[in-house]
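Below you'll find the structure, written out as structure tokens, and then a few comments.
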Amino acid sequence: MSTDAVALSGPRFQTEPARLYREMRAEHGAVTPVLLDGDVPAWLVLGYRELHQVTGDPVLFSRDSDLWNQWDVIPGDWPLLPMIGRKQPSILYTVGERHRERAAMISNALEASDPGQLRRHAERFADELIDTVCATGTADLIGQYAMLLPVRVLARLYGFSDEDGPGLVTALNDMIDGRERALTGQSHLALSMGELLAARRAAPADDVVSRMLADPSGFTDEEIAQDLMVMMAAGHQPTADWIGNSLRLMLTDGRFAASLFGGRNSVAEAMNEVLWEDTPTQNVAGRWASRDTHLGGHHIRAGDLLLLGLQAANSDPQVRPVGADLTGGNNAHFSFGHGEHRCPFPAQEIAEVIARTGIEVVLDRLPDIDLDAPAESLTRRPSPWLRGLTELPVRFTPTPALGGNPS
């Protein structure tokens with residue numbers, strides 16, 4: 001691997017990732033050598049065509065992490081283990097027919113959720129969160145709203161009690177950030193999932209977990225618990241960032257000003273623009289080469305790890321020239337992945353319902369909302385994996401809380 005590999009960390013992923021990806025592409029082409037925590041080597045796939053090739057060929061570019069040629073140097077406390085795990089019995093690392101059966105189980109369990117009930121849950125939890133800030137005239141729409149909403153809705157769909165939500169939020173954020181509390185967060189999430197499975201095994205209900213347990217494919221409780229952890233992590237934080245990034249765009253970009261004054265058509269347009277230009281899931285780990293090959297002009301060795309550069313591919317100048325107009329209804333982005341391991345379609349729909357409902361409730365409840373800080377002062381979490389704001393301060397005319405009883 002190249003001696004001028006780029007460290008996949010540092011403030012530039014927080015402050016100027018688009019420029020950083022352009023520089024990587026200019027120096028290395030569509031695939032660039034990178035270093036993970038502890039100087040562990042990997043490849044970051046930047047090109048749209050190359051990413052399509054990697055995600056579309058599950059034999060050459062496998063999801064089986066046992067293939068990794070770096071396991072001998074990975075310490076047991078490596079902070080990225082929750083994201084790049086070994087021998088984890090989850091759908092992320094299952095391949096072939098067993099993966100297809102597993103994906104079908106998850107899709108069927110999610111698809112059976114009542115869409116009307118999903119929207120009602122999202123509206124109720126969103127209203128409850130707005131009730132806590134609406135009388136004050138100011139709020140942080142990240143810490144007090146976006147970071148709390150998706151997991152509450154998902155927890156209800158899966159079968160958790162509302163009281164479990166705050167602990168799940170903390171555990172998920174710790175795990176996804178991939179720092180010193182990552183393994184602790186993973187442990188809390190695993191324990192919570194195990195307890196829920198035991199409860200639903202004893203007393204099934206109308207929820208996602210019960211439907212997964214009833215699936216005839218014969219998956220073990222451990223496999224289902226691992227899949228639930230994947231579903232919760234993939235469903236919560238990117239959706240929270242989708243809400244935050246979309247609200248930021250509407251509050252700072254004049255093209256979406258109508259959204260703030262009763263227009264709702266541009267909400268969907270803003271959400272789609274974020275998936276192209278500011279996607280919550282920037283980079284994903286990963287795929288492993290099953291044999292020596294070439295990609296983007298580089299020699300890839302058997303067992304090399306390839307990271308999926310979703311945002312870099314979305315902004316590939318061959319498909320999205322710099323300064324291009326709004327994307328409109330173009331959904332050919334990589335923000336939900338591609339190929340066998342893409343985000344299941346029912347999960348995409350659930351995320352969109354939660355995000356759009358969350359945005360619309362803000363705009364309905366706080367009609368004169370405005371940014372309460374210079375746009376250039378807004379900062380992002382220091383993560384190369386997920387791109388989201390640390391806070392989004394807003395001001396508005398104080399309004400009374402709605403109240404209401406849980407349904």
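- A heavy-atom distance below 4.5 Å is found between the side chains of Leu306 and Leu295.
- Looking at Asp215 and Asn108, their side chains never bring a donor and an acceptor atom within 3.5 Å of each other.
- For residues 43-53, there are no salt bridge (charged side-chain N to carboxylate O under 4.0 Å, His left out) pairs, not counting sequence neighbours.
- Among pairs with a residue in residues 184-207, those fulfilling salt bridge (charged side-chain N to carboxylate O under 4.0 Å, His left out) read Arg200-Asp207, Arg201-Asp221, Asp206-Arg211, at least two apart in sequence or across chains.
- Among residues two or more places apart in sequence or in another chain, the side-chain hydrogen bond (donor to acceptor under 3.5 Å, both in side chains) test is passed with Arg25 by none.
- Other residues, nucleotides and ligands contribute only 12 or fewer heavy atoms inside 6.0 Å of the CD atom of Glu352.
- Of the options Thr281, Asn314, Asn272, a side chain to side chain donor-acceptor pair (under 3.5 Å) to Ser335 is made by Asn314 and by none of the others.
- Between Trp78 and Trp68, the ring planes lie tilted relative to each other; the angle falls in the 30° to 60° range.
- Between the side chains of Thr379 and Thr390, a donor-acceptor pair is found at a separation under 3.5 Å.
- Phe13 does not carry Arg381 over the face of its six-membered ring by the limits of under 6.0 Å from the centre and within 45° of the normal.
- By the ring pair (Phe, Tyr, Trp, His ring centres under 6.0 Å) test, His338 is found to be paired with His52, residues two or more places apart in sequence or in another chain being considered.
- No donor-acceptor contact under 3.5 angstrom links the side chains of Asp57 and Gln53, judged on distance only.
- Tested against Arg152 for a side chain to side chain donor-acceptor pair (under 3.5 Å), the candidates Glu128, His121, His236 yield a single pass: Glu128.
- Listed by chain and number, the residues in a ring pair (Phe, Tyr, Trp, His ring centres under 6.0 Å) with Phe334 are Tyr48 (sequence neighbours excluded).
- Side chains of Arg387 and Asn283: a donor-acceptor N/O pair is absent below 3.5 angstrom, by distance only.
- Among residues at least two apart or in separate chains, salt bridge (charged side-chain N to carboxylate O under 4.0 Å, His left out) pairs with a member in residues 60-70 are Asp66-Arg86, Asp66-Lys87.
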